[in-house]
Amino acid sequence: MHAIEAVPTIVNKKGETIVHIFQTPYGSLKVQSIIGVEYGSRVELSKGWAHVLQPNPELWTQTLPHRTQIIYTPDISMILHQLEVRPGAVVLESGTGSGSLSHYFLRALKPTGRLHTFDFHEARADQARDEFQRHGLGDFVTVHHRDVCNLGFTSELDGVADAVFLDLPSPDLAVPHAFKALKLSGGRFCSFSPCIEQSQRCIEVLTKLGFNEICSMEVLQQESVIKTRSMPVIDLEFLKAPKDVEANATIDDSKTKEPKELKKYLTSSNPQVLPGHTGFLTFATLPPNIPKA
């Protein structure tokens with residue numbers, strides 16, 4: 001699977017404008033051939049064929065250029081659910097990174113909500129801003145180059161957020177700033193941490209500031225392997241017969257062996273390889289009318 005910018009020409013390293021040809025394991029694709037076609041259409045490659053799929057956050061997560069480690073769908077689905085992200089809401093995100101989660105936030109917030117996303121690394125912030133513009137999301141997101149742990153979310157965002165998400169090495173340092181950014185009517189908080197010690201320090205600060213409904217969880221996606229298995233049916237009729245009759249029946253059975261009756265059953269089992277640890281999600285609720293002075 002590949003993410004391709006659908007433009008007929010590109011500029012090469014020499015500064016020359018050339019025809020846009022994208023190379024895949026199944027041959028080359030003239031990008032001109034996919035411009036204007038319907039999503040789901042089949043296009044020919046030099047050594048095979050491919051389908052043109054409509055862009056969405058799930059596909060972008062699988063194909064985006066990795067500037068940092070990213071959060072994947074199992075964790076993202078829980079984050080969106082627990083933060084109650086919805087159209088019209090205002091969400092603050094610290095740790096833009098590669099923009100994987102940001103695209104999910106924006107899909108849930110449109111058309112009346114807004115995402116403010118922060119990254120301390122200027123080049124990453126600029127790259128994310130350019131991607132949002134190219135994906136038609138620039139009107140719904142503001143990208144900030146700022147160190148939230150030390151400087152906060154800016155005074156303009158105090159008391160405006162419905163939800164705050166942190167993906168930082170030291171989330172406990174940013175919790176007081178998240179507290180100030182959440183609305184006076186309350187809101188939801190989430191922090192993603194690879195290590196349990198980070199989550200513990202975060203919970204200590206959340207508790208001191210008056211957050212409640214605090215919990216940490218780990219989301220592990222597990223598939224079930226479904227198979228149809230054939231099993232022999234055990235004949236228990238011999239239990240009803242006396243021993244002497246049973247002995248005679250055994251002799252007769254040894255002379256004429258018949259194939260055992262088989263029955264098919266639908267079974268479920270765990271795969272041999274299970275997904276590993278990704279991180280701990282810490283959620284909390286800020287009750288309404290908590291003094292912030």
Side-chain angles (χ1 to χ4, degrees), residues 1-8 10 20 22-26 29-45 48-119 124-143 162-163 165 167 188 190 192 219-223 275 278-279 281:
M1 190 178 300
H2 305 278
I4 304 172
E5 189 171 1
V7 292
I10 56 173
H20 190 184
F22 189 85
Q23 300 295 334
T24 77
Y26 301 98
L29 167 70
K30 290 186 178 179
V31 178
Q32 175 70 46
S33 65
I34 70 172
I35 297 176
V37 304
E38 294 184 359
Y39 292 124
S41 300
R42 175 169 160 166
V43 293
E44 298 299 322
L45 307 178
W49 50 268
H51 282 101
V52 180
L53 303 179
Q54 183 172 8
N56 58 45
E58 288 79 12
L59 296 179
W60 179 243
T61 293
Q62 297 179 49
T63 57
L64 59 78
H66 283 237
R67 299 184 286 271
T68 60
Q69 291 185 342
I70 66 172
I71 302 176
Y72 289 93
T73 306
D75 289 313
I76 290 175
S77 60
M78 182 60 71
I79 292 168
L80 295 176
H81 171 66
Q82 290 286 345
L83 291 185
E84 302 174 4
V85 182
R86 61 198 180 278
V90 177
V91 175
L92 306 189
E93 174 193 24
S94 183
T96 309
S98 301
S100 171
L101 177 60
S102 305
H103 282 75
Y104 288 85
F105 276 142
L106 289 166
R107 180 175 63 180
L109 292 169
K110 292 194 309 179
T112 53
R114 189 154 197 88
L115 172 67
H116 292 270
T117 182
F118 294 75
D119 203 295
R124 285 204 296 261
D126 292 339
Q127 288 174 312
R129 187 181 296 109
D130 292 341
E131 283 177 353
F132 294 140
Q133 290 291 344
R134 294 201 307 271
H135 298 169
L137 301 170
D139 293 338
F140 309 101
V141 58
T142 303
V143 181
D162 294 287
F165 173 80
D167 184 1
R188 291 285 287 164
C190 175
F192 178 88
V219 180
L220 295 176
Q221 185 179 21
Q222 180 174 309
E223 297 181 5
T278 56
L281 295 172

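Heavy-atom basis, side chains included; hydrogens, waters and symmetry copies ignored.
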What heavy-atom pair brings [X] and [Y] nearest, and what distance separates the two atoms?
X      : Y      : result
Leu29  : Ser33  : CD1-OG, 3.6 Å
Ala89  : Leu109 : O-CD2, 3.3 Å
Thr117 : Glu93  : OG1-OE1, 2.9 Å
Ser102 : Phe132 : CB-CZ, 3.5 Å
Leu45  : Ala50  : CD1-CB, 4.1 Å
Thr61  : Ile71  : CG2-O, 4.2 Å

Any residue meeting side-chain hydrogen bond (donor to acceptor under 3.5 Å, both in side chains) with [X], in chain and number order, not counting sequence neighbours:
X      : value
Ser77  : none
Ser41  : none
Gln222 : Asn270

Listed partners of [X] passing ring-ring contact (aromatic ring centres under 6.0 Å, His included), at least two apart:
X      : answer
His51  : Trp49
His116 : His144
His2   : Phe22

[X]: partners by side-chain contact (heavy atoms from CB on, under 4.5 Å), with sequence neighbours left out:
X     : answer
Gln23 : Ile21, Ser28
Gln32 : Pro8, Ile35
Arg67 : Pro65, Ser98, Arg124, Gln127, Ala128, Glu131

Worksheet item: Yes or no on side chain to side chain contact (heavy atoms under 4.5 Å, CB included) for Ile10 and Val31, after CA distance, side-chain angles and deciding distance?
Response: CA-CA 10 Å; Ile10 56 173; Val31 178; over 6 Å; no

[atom1]/[X] to [atom2]/[Y] distance, rounded to the nearest 0.5 angstrom?
X      : Y      : atom1 : atom2 : result
Leu59  : Leu53  : CG    : CG    : 6.0 Å
Lys110 : Asp139 : NZ    : CG    : 10.0 Å
Met1   : Thr24  : CE    : OG1   : 13.0 Å
Phe140 : Thr112 : CZ    : OG1   : 9.0 Å

Response to the item:
So ring-ring contact (aromatic ring centres under 6.0 Å, His included) across residues 58-82, not counting sequence neighbours, yields Trp60-His103, Trp60-His135

Worksheet item: Take atom CD in Gln69; do more than 12 heavy atoms of anything else shown fall under 6.0 Å from it?
Response: no

Practice prompt. Test side chain to side chain contact (heavy atoms under 4.5 Å, CB included) on Asp162 and Arg86 and set out the steps.
Written response: CA-CA 10 Å; Asp162 294 287; Arg86 61 198 180 278; 4.0 Å; yes

Practice prompt. Would you confirm whether Arg129, through its side chain, and Thr142, through its main-chain N or O, come within 3.5 Å as a donor-acceptor pair?
Written response: no

Worksheet entry | Criterion side chain to side chain contact (heavy atoms under 4.5 Å, CB included) against Pro74, the qualifying member of Ile79, Val219, Thr278, Leu220 | Val219

Worksheet item: For the side chain to side chain contact (heavy atoms under 4.5 Å, CB included) test, which of Val85, Leu92, Leu101 pairs with Phe165?
Response: Leu101

Item to complete: Report the residues that fulfil salt bridge (Lys or Arg N to Asp or Glu O under 4.0 Å) with Asp167, sequence neighbours left out, ordered by chain and then residue number.
Response: none

Worksheet entry | Residues in salt bridge (Lys or Arg N to Asp or Glu O under 4.0 Å) contact with Asp130, at least two apart in sequence or another chain | none

Practice prompt. Please examine the side chains of Leu106 and Pro57, heavy atoms only from C-beta on, and report whether any two atoms are closer than 4.5 Å.
Written response: no

